[in-house]
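Written out below as structure tokens is the structure these notes cover.
Order of the sequence lines fixes the chain letters, A, B, ..., with proteins taken first and strands second; residue numbering starts at 1 for each chain.
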2 protein chains.
Amino acid sequence: MTLAQSSSDFMACADCNIRNRAVCATCEPHELSRLEDIKYYRTFDAGQSIMFEGDEMHFVASVVSGAATLSRTLPDGRIQMVGLLLPSDFIGRPGRDAVAYDVVAIQKVTLCCFRRKPFENMIKDTPHIGQRLLAMTLDELEVAREWMMLLGRKTAREKITCLLSLIGRRTASLHMQKLQDGLSFEMPMSREAMANYLGLTIETVSRQMTALRKDGIIELGGTRTITIPDLAGLMAETGDDTDGMMLT
Amino acid sequence: MTLAQSSSDFMACADCNIRNRAVCATCEPHELSRLEDIKYYRTFDAGQSIMFEGDEMHFVASVVSGAATLSRTLPDGRIQMVGLLLPSDFIGRPGRDAVAYDVVAIQKVTLCCFRRKPFENMIKDTPHIGQRLLAMTLDELEVAREWMMLLGRKTAREKITCLLSLIGRRTASLHMQKLQDGLSFEMPMSREAMANYLGLTIETVSRQMTALRKDGIIELGGTRTITIPDLAGLMAETGDDTDGMMLT
DNA sequence: CGCAATATTGAGCGCGATCAAGTATGGTGG
DNA sequence: CCACCATACTTGATCGCGCTCAATATTGCG
């Protein structure tokens, strides 16, 4: 029944790299083994759709590796991304039959999937999972609201610098780099994806990237390789209060 | 210790008008009586601040009546509202010491407050509350994401018609009006509040309201009394898929 | 190498912001 | 009851950021 879609057929939860950040983070060993019974892995290539808005939701999942986006589309074709899914993030909404957003892989993605019904039952009788999911959902809500500020009130330059600073710092923390000396990373998304995430057009994204390069705020090696010589300088352009954020 | 701030000192939960929609909706009688022990009412006048961003959060609360807003402010003063709190909505984030947004009453508001620590303990040992809070938070997340689409991709006219349609339909459902023949309601917020909610300026809001009036989409009697002769006509201007939304 | 997809650059325009008056509206005290 | 003032809202003139349309350049891939 459970069709293996991937080469990595099985991995023990104990060995999982998102073990202590995902929805299963606070599970006891016996809870974990129940999850282990209903989980299965799937992978999707960059560009592949994972779920379509309006479809029936057969499974929920944790992102194990790679990246995906949540987006909505207006009848006339305008697109707005409403979420970025990175390792340990949760996909799907318990208690809802239909998918509310398009979910698309922007890098090769591995998911740890749970069939929806068994997972919903586990929420009911496993408080740890429900509590963890609540905390994660509250975090997502805060991220969404910070993004509302960006979309509603920030200029194009501020939007771009916010995104670069976000991705840059996240990548650095993943690789334990220190932030002081030049930070280098790969952008996980195309110019079009950036535009849809920031509420801009491709052309404006491109122009602002060029402007930031000319101003010495960033350096580009290929379109997706970005170097930030002075992170504080970049963050001074975001419009945010920069105090205390350098600690992360 | 618990200082009564209001004339309505006490109300039995059983008689509460948000009893079956708020965070307490799925509570059993014994759980409800525990909540009843730690609850107290407070009222705030229109314009009064309820919480300030960064302050310590002493209590969480349900909105019983009236309306309040959540907003964030950039260092240079730009404001973006990130949430609208109406009766049955929940204020505060369990497990977090500091308030993440400014909370301001935009109408006279009555809150059903719970001191934070006792409430957090109840979440741990009362699954019904945690589950209800999870469902409500997921709903809020969906609303926030729909608002991201509005802020990032919609025109000023679409933004205004979305807001009017939202408030109008909600008011109608509260008063059990049928939607077909002219719908009339009071706008609960100023032009400035509308602007901050929609990511626009006051002037643009005002101009779009005038334009909609001249186009016969809305009628104005005083600045806050709004009549919508043809709701379908208004909704055709929102940019959304209008199918199926008229049922609500 | 050749093609397709992606990104950059340019010219011009228009939507919504800004700056600036002007007009209700509502509360207060004489 | 009305004159007064503060606040909220509307309207007008102009500006400029980001969009549109269009051409060119670059990248990635068979």
Of all heavy-atom pairs between B:Leu85 and B:Phe90, which one has the smallest distance, and what is that distance? CD2-O, 3.9 Å

Ignoring the backbone of B:Arg191, work out which of C:dA17, D:dC19, D:dT10 is nearest its side chain. D:dT10

Nearest to the side chain of B:Ile202, heavy atoms from C-beta on, is which of D:dT10, C:dA11, C:dA17? D:dT10

If only side-chain N and O atoms count, and only distance matters, is there a donor-acceptor pair under 3.5 Å linking B:Glu158 with B:Thr238? no

Could you check how far CD of A:Glu192 sits from P of C:dT8, rounded to whole Å? 13 Å

I'd like to know if A:Glu140 and A:Arg145 make a salt bridge, using a cut-off of under 4.0 Å between side-chain N and carboxylate O. no

Could you state the CZ-C1' distance from B:Arg224 to D:dC9, rounded to the nearest angstrom? 11 Å

A:Met194 atom CE is separated from D:dG18 atom C1', nearest whole Å, by 15 Å

Angle, rounded to 10°, between the helical axes spanning five pairs at each terminus of the helix from C:dC1-D:dG30 to C:dG30-D:dC1? 40°

Whole angstrom value for the distance that separates P of D:dT26 from CZ of A:Arg213: 11 Å

Here the distance between atom C1' of C:dT6 and atom CG of A:Leu220, to the nearest Å, is 15 Å

Euclidean distance, atom CE of residue A:Met209 to atom P of D:dT27 [Å, nearest integer]: 14 Å

At less than 4.0 Å, is any side-chain N or O atom of A:Thr204 found next to OP1 or OP2 of D:dG18? Yes or no. no

Is there a donor-acceptor contact under 3.5 Å from the side chain of A:Asp230 to the main chain of A:Gly233? yes

Does the side chain of B:Met209 come within less than 4.5 Å of B:Met194's, by heavy atoms? yes

Calculate, to the nearest 0.5 Å, the distance between atoms CE and OG belonging to B:Met148 and A:Ser71 respectively. 10.5 Å

Whole angstrom is fine here: how far is it from CD1 in B:Ile106 over to C1' in D:dA8? 15 Å

Does A:Ser190 reach a base, just sugar-phosphate, or nothing at all? Heavy atoms under 4.0 Å. sugar-phosphate

For the side chain of B:Glu203, starting at C-beta, report the closest nucleotide among D:dC9, C:dG16, C:dC19. C:dC19

Side-chain atoms of A:Thr223 come closest, of C:dA17, D:dT11, C:dT8, to C:dT8

What is the distance, rounded to the nearest whole Å, between atom CZ of B:Arg207 and atom P of C:dA17? 9 Å

Over all strands shown, is B:Gly199 touching base, sugar-phosphate only, or nothing at heavy-atom distances under 4.0 angstrom? sugar-phosphate

Quick one: pull up OG1 in B:Thr73 and CD1 in B:Ile79 and give me the separation to the nearest 0.5 Å. 4.5 Å

Counting side-chain heavy atoms from CB outward, which of D:dC9, D:dG18, D:dT20 is closest to A:Gln208? D:dG18

Give the nucleotide from the list D:dC19, D:dT10, C:dA7 with an atom nearest to the side chain of A:Ser206. C:dA7

Taking the nucleotide of DNA chain C with the closest heavy atom to each, which residue, A:Lys214 or A:Arg153, is nearer the 5' end? A:Lys214

Heavy-atom closest contact (A:Tyr101 atom, B:Glu142 atom, distance): OH-CG, 3.2 Å

Would you indicate, yes or no, if C:dT9 has its OP1 or OP2 atom less than 4.0 angstrom from a side-chain nitrogen or oxygen of A:Thr210? yes

Whichever of A:Gly222 and A:Lys154 has its nearest DNA chain D nucleotide further upstream toward 5': A:Lys154

Looking at the side chain of B:Thr155, which of C:dC19, D:dT20, C:dG16 is the nearest nucleotide? C:dG16

